[in-house]
K.L.:
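Supplied in structure tokens, the structure appears directly below.
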Protein chains: 4
Amino acid sequence: MARGVNKVILIGNLGQDPDTRYTPNGNAVVNLNLATDESYKDRQTGQLVPKTEWHRVVMFGKIAEVAGQYLRKGSKVYIEGKLQTRKWQNKEGQDVYTTEVVVDINGQMQMLDSRGEGGGANQGAPAGRPQQAGNAAPATASQSGQQSGGGSNQPSQGSMPEPVDDFDDDIPF
Amino acid sequence: MARGVNKVILIGNLGQDPDTRYTPNGNAVVNLNLATDESYKDRQTGQLVPKTEWHRVVMFGKIAEVAGQYLRKGSKVYIEGKLQTRKWQNKEGQDVYTTEVVVDINGQMQMLDSRGEGGGANQGAPAGRPQQAGNAAPATASQSGQQSGGGSNQPSQGSMPEPVDDFDDDIPF
Amino acid sequence: MARGVNKVILIGNLGQDPDTRYTPNGNAVVNLNLATDESYKDRQTGQLVPKTEWHRVVMFGKIAEVAGQYLRKGSKVYIEGKLQTRKWQNKEGQDVYTTEVVVDINGQMQMLDSRGEGGGANQGAPAGRPQQAGNAAPATASQSGQQSGGGSNQPSQGSMPEPVDDFDDDIPF
Amino acid sequence: MARGVNKVILIGNLGQDPDTRYTPNGNAVVNLNLATDESYKDRQTGQLVPKTEWHRVVMFGKIAEVAGQYLRKGSKVYIEGKLQTRKWQNKEGQDVYTTEVVVDINGQMQMLDSRGEGGGANQGAPAGRPQQAGNAAPATASQSGQQSGGGSNQPSQGSMPEPVDDFDDDIPF
DNA sequence: TTTT
DNA sequence: TTTT
């Protein structure tokens, strides 16, 4: 239930292969960087200037499993989720805020690489939506009705992947 | 034009009165903090736990003018915008990233306090949508077709309000 | 699961009290007429002309129960659903198509009459969101995770309310 | 401007090549049939049953031109528009209502066949987004800020393509 | 009438 | 920091 609406809809491409982890309960958690492109007219030159916006996306549950298995660097994807800002401490002990698009049991994902390669897939890893039998990937994943054992759509601080250790420096985004 | 989709839809309440500024060209820029509420069931206790998400919203152009004039602390509002992450330096010279919901010429706003007071309005400032003549506020503002002089929908770094000076400490969010 | 995206988002007011029925399984089905207003500039006169669009909304499950109980004629509401076109026969045996916004287990509803009356409520029926204890209505209803007994989100022709009988003439919309 | 929100977001495939026409002012008007797929679990059999929903889409202005030029039968596309129900008379003089998704100056379109053929393109007509120079199609089209000469986003009855003549029988949808 |  |  929610008093208010908090909805994000993105269509973009993955900057890297998705990062898949698992909670202690065995629930998949996938982190993505998604690029959405836009171009605007420069006031001075009148030129059309391309501008890429990067989005940090976190997926839980069944959608995370599908995303981790079938999305690859360059994959085009539709996602629907909600905005969430997380507070954490960097090495200097300072508060840092990271805003993410959370795709949980109420979210949606749809792979949009229906025809051909996902682009830039690593060493034989499946990209886009492979056609071979026994590996049929759903183009869309929604989690409504799912009984996600660990309540992954509202993870407590403790069950979330620790963000600080995942990066080389203080800036996680 | 855009290659990709980057859309945010929020319904929430303002945490404070909006902060209105003007670019050198005289275009209004309004900053809001918007709360969206959600509640989730705690795994341990089974209790319904309320959870508030705060969103930093930046409005440009005509929508900004309407928002600055009619929205107040507590006002309920629908907004449609896009995600944008800004990079800036804090006092220690460290990179800091702030994600905002940008409501520009392509965005939309709708005031939802149609019946009665907006709540918490300061010293005589109009709140909600007052019915008296001569002060008729549009409940909705969209900017499509607007010829926003300063190109406010793609502000260069230079024309944006300097974020660092606006706060008492390093954390702008 | 879905291959494709089919999403409708509306904020509008009810033209009449909601029409609540029940399936043989006891699941609530609510029909609403929702008005969204828009104004456009007339080419000839340059005048701003108001234009109201009416939407036929059908709600299932828990959302339907909440809607039937708390929404009234004039109530302002946010809904999220999907488009669905139904084919039926009128008295002359001709095929007629009716497009509806279906709010089922994947949809969302949020009442937006938080302050004051919902407007036009009939004889003591609760309108908007009444404050009195024992009658606390959720402002928002989402159905994710709900185990809707009768599978009300994909009703077979047989379990749906018969559309023809509900109206005085052939035109159900 | 709008008092209310009326938004439709679809990702689907075209059932046929788009139907392009022009208003007396020379503005393009494109009609599409868009399929969105969904599957639901049958109550009796427990089987996953596929279900296709067909949407009638009408595009105006620049988006219509791009759509008419680059979309083809089978093309996958993202569109954002608004719901509109039109009333007209069939041959028997009866009122008929047709609900369409209108993509005008406030709408958006994004072609999603970025990699490879659009599928089913007719005799050499460009499908999907062809890569060859001199034929570069924008993957996305938005019309905000556009000064559409004929006010195509709010067409009067008179300037719209006459629906009755376009079909073999009384049912246009 | 599409798509996988 | 909001709202119910």
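So you know, we letter chains A, B, ... as the sequences are listed, proteins then strands, and number each from 1.
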K.L.:
What integer distance in Å separates B/Asp17:CG from F/dT1:C1'?
P.N.:
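My rounded result for the distance is 11 Å.
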
K.L.:
Testing B/Val101, B/Asn13, B/Val77 one by one against B/Leu34 for a side-chain contact (heavy atoms from CB on, under 4.5 Å), which residue passes?
P.N.:
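Passing option: B/Val77.
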
K.L.:
Take atom CG of A/Asp113 and atom C1' of E/dT3, then tell me their distance rounded to the nearest Å.
P.N.:
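Taking CG of A/Asp113 and C1' of E/dT3, I get 15 Å after rounding.
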
K.L.:
What contact category does B/Thr52 fall into here, base, sugar-phosphate, or nothing, at under 4.0 angstrom with non-hydrogen atoms?
P.N.:
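Base contact.
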
K.L.:
In whole Å, I'd like the distance from the CD atom of B/Glu53 to the P atom of F/dT2.
P.N.:
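Result: 16 Å.
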
K.L.:
Choosing from F/dT2, E/dT1, E/dT3, which nucleotide comes nearest the side chain of D/Asp37?
P.N.:
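The nucleotide sitting nearest to the side chain is E/dT3.
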
K.L.:
Checking contacts here: which listed nucleotide (F/dT2, E/dT1, E/dT3) is nearest the side-chain heavy atoms of B/Lys73?
P.N.:
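Looking only at heavy atoms from C-beta outward on B/Lys73, the closest nucleotide is F/dT2.
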
K.L.:
Taking atom P of E/dT2 as reference, at what distance in whole Å does atom CD of D/Glu38 sit?
P.N.:
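Going from CD in D/Glu38 over to P in E/dT2 covers 19 Å.
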
K.L.:
Within this structure, what is the CG-to-P distance between B/Leu71 and F/dT2, rounded to whole angstrom?
P.N.:
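Answer to the nearest Å: 16 Å.
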
K.L.:
In whole angstroms, how far is the P atom of E/dT3 from the CE atom of A/Met111?
P.N.:
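That distance rounds to 19 Å.
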
K.L.:
Round to a whole Å and report the spacing from NZ of D/Lys51 to C1' of E/dT1.
P.N.:
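Interatomic distance, NZ of D/Lys51 to C1' of E/dT1: 16 Å.
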
K.L.:
Got a sec, which residues hit side-chain contact (heavy atoms from CB on, under 4.5 Å) with B/Glu53, two or more places apart in sequence or on another chain?
P.N.:
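A/Asn6, A/Gln84, A/Thr85, B/Thr36, B/Lys51, B/His55.
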
K.L.:
Output the single nucleotide from E/dT1, F/dT2, E/dT2 whose closest atom is nearest the side chain of D/Gln16.
P.N.:
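Between E/dT1, F/dT2, E/dT2, the one nearest the side chain of D/Gln16 would be E/dT1.
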
K.L.:
Could you check whether any side-chain N or O of D/Gln47 sits under 3.5 Å from a backbone N or O of D/Asp42, counting only pairs where one atom can act as donor and the other as acceptor?
P.N.:
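Not at all, since once roles are kept as given, no pair shorter than 3.5 Å links the two residues.
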
K.L.:
Among F/dT2, E/dT2, F/dT4, which nucleotide has an atom closest to any side-chain atom of A/Arg3?
P.N.:
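The nucleotide sitting nearest to the side chain is F/dT4.
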
K.L.:
Whole angstrom is fine here: how far is it from CG in B/Asp19 over to P in F/dT2?
P.N.:
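One finds 17 Å between P of F/dT2 and CG of B/Asp19, rounded.
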
K.L.:
For A/Glu80, what residues pass the side-chain contact (heavy atoms from CB on, under 4.5 Å) criterion, not counting sequence neighbours?
P.N.:
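A/Glu80 satisfies side-chain contact (heavy atoms from CB on, under 4.5 Å) with A/Lys7, A/Ile9, A/Tyr78, A/Gln108, C/Lys7, C/Glu80 only.
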
